[in-house]
Every structure is written in structure tokens, then in C-alpha cells.
Amino acid sequence: MQPVSSRTNRSTGELQVLVFGPQAKLIGCDRLILSDVNFPVRVDELMPMLIHHYPDLSASIGVSRLAVNHEFAAADSLINAGDEVALVGLISGG
Amino acid sequence: MENASREANVRVRLTSGPIASATPFVLSDSETALAGAVVTFQGRVRNREVDENEMKPILGLEYEVYEPMTSQELHRLADQYARKHDVIAVDVEHSFGFVGNGECSFLLQVATSHRRSAITFVDEFIDAMKSHVPIWKVPRWSMPDSTA
């Protein structure tokens, strides 16, 4: 795992989080949308926000990780406006 | 004891739908000279999946990937475990899209000097893949059994 970003561009706006597989099926769409997010936001701050806005995901989000710009992000990584964020949970290759 | 830091030849592919036939596992002359063991593993779709603690029949599985991260993670893990087990060459192929039951969704081919390291590589790589690589599957359920 690597720090995802060292930039600290401050802004407020919408954050979309891509979601796949069983989690996408559960909520009926392929992305989670959060409004009025204060960027940069830490990964470990974002997870509770996702649970708050999408309670149907609360059971599976504890076994999920966030990917930022196609790399797994550490809990203290910063997410900036414009980053591509994906929820990686309930994976099952093979 | 052999040197366990060899640079392995790692190949990764994603295939739409079932993997109908194994891509030939081509080794160079120098790789062939060292490869005393070649192990091929096929992952196939079963005809049942768990739904609410009950096994139910399925038509197949819909696989979803997240590129380029899926390929990157498959390559990273293959390279990591290849170094650990002194692998000569490894070929990883995984399906995306629909794969019907009985069909192949995952093909892993690995060449090593000795059997044990190839078998251990297969086991450890698959465990790691299931934990780390963004690949999802969603069952496509069969119609309810009319005899039930």
C-alpha cells in the first residue's frame, strides 16, 4: 500500500465512489454519490460517511477497502477532488 | 537449495466469457531446460451457489472486473509469489462477463523446477487472488425447480 496523494487542494464538492458486484446489486446502482465533501478527505473518514448514506452496505463495508486511482489506499491516505475512488469489497475471483 | 530470486516470466490476460481452451503455455528453450514441473489449474463454475444459507441452482456466474486495477493486481501477486517459489514462468487468465455452469472461468499455468513449489504456488496465489484482486461474481439463478 502506498500513500495515494500528497496534494492538499482544498475544495468542497461531490464524490462518486464506484461499486461493483454484490454490493452494486444490493443498492441497485454502480456508484455511490456523496455531496458536499470537504476535500481532501481521509480514507478512514470517508468509510463512515458511506455507511451513513448507504446503510444497506453497512454489513459488508467492514470487509471492504477503498482503491484510489486504481491502487489500494491506506486508512490515512488523502482523497482529492477528481480522484477515481472505488469500493472493493465482497471480491471472489476464481 | 536453489536461488529463489529468479525473474519469472509472468503473463496475465482477461477474457470475455468462458475460457474455451487453454492458451498454449509456451516456454523458451532456456525455460524448458529448467522446468521439471508444469501445473495447470482450471477454476470451473459449479451449478449451485449459496443464497441466504441455502444452496440454489444457478445458470452461471456474471464476473465483473475493474480495469486496469484487476490486471495490475493479478500481475503484482503473480510476480510476488513467483519470486517466493522460484517460478520460471506463470500464465494467469481470468474471465469477465457471463460464464455458465461447468465452464472454465480461471486458468493458471505455472512452470517450476520441482513439483512441490508449483503446487504450493497455485495454492497460495489463488488464496491471495481471492482476498486482494478486484474480481466480483454475481450468480444468475435458475428458474425455480418446477418439481420442488
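To find a chain, count down the sequence lines: A is the first, B the second, and so on, and within it residues start at 1. Just so it is clear, the structure is predicted and the values come from calculations on it, not from any experiment.
- A salt bridge links B:Glu124 to B:Lys84: at least one charged side-chain nitrogen sits closer than 4.0 Å to a carboxylate oxygen.
- The contact between B:Glu67 and chain A is made entirely by backbone atoms, counting heavy-atom distances below 4.5 Å.
- Of the atoms belonging to B:Val138, it is side-chain heavy atoms, and not backbone ones, that fall under 4.5 Å from chain A.
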Worked verdict on B:Tyr63 versus B:His94 for ring-ring contact (aromatic ring centres under 6.0 Å, His included): CA-CA 9 Å; B:Tyr63 285 92; B:His94 203 294; 5.3 Å; yes

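- In terms of heavy-atom pairs under 4.5 Å with chain A, the best-connected choice from B:His132, B:Glu62, B:Met129, B:Gln72 is B:His132.
- Neither the backbone nor the side chain of B:Ser95 has a heavy atom closer than 4.5 Å to any heavy atom of chain A.
- Side chains of A:Gln23 and A:Ser60: a donor-acceptor N/O pair is present below 3.5 angstrom, by distance only.
- Ring planes of B:Tyr66 and A:Phe20: tilted class, angle from 30 to 60°.
- A cation-pi geometry, defined here as NZ or CZ lying under 6.0 Å from the six-membered ring centre and within 45° of its normal, does not hold between A:Arg10 and A:Phe39.
- Looking at B:Val45, neither its backbone nor its side chain comes within 4.5 Å of chain A, counting heavy atoms on both sides.
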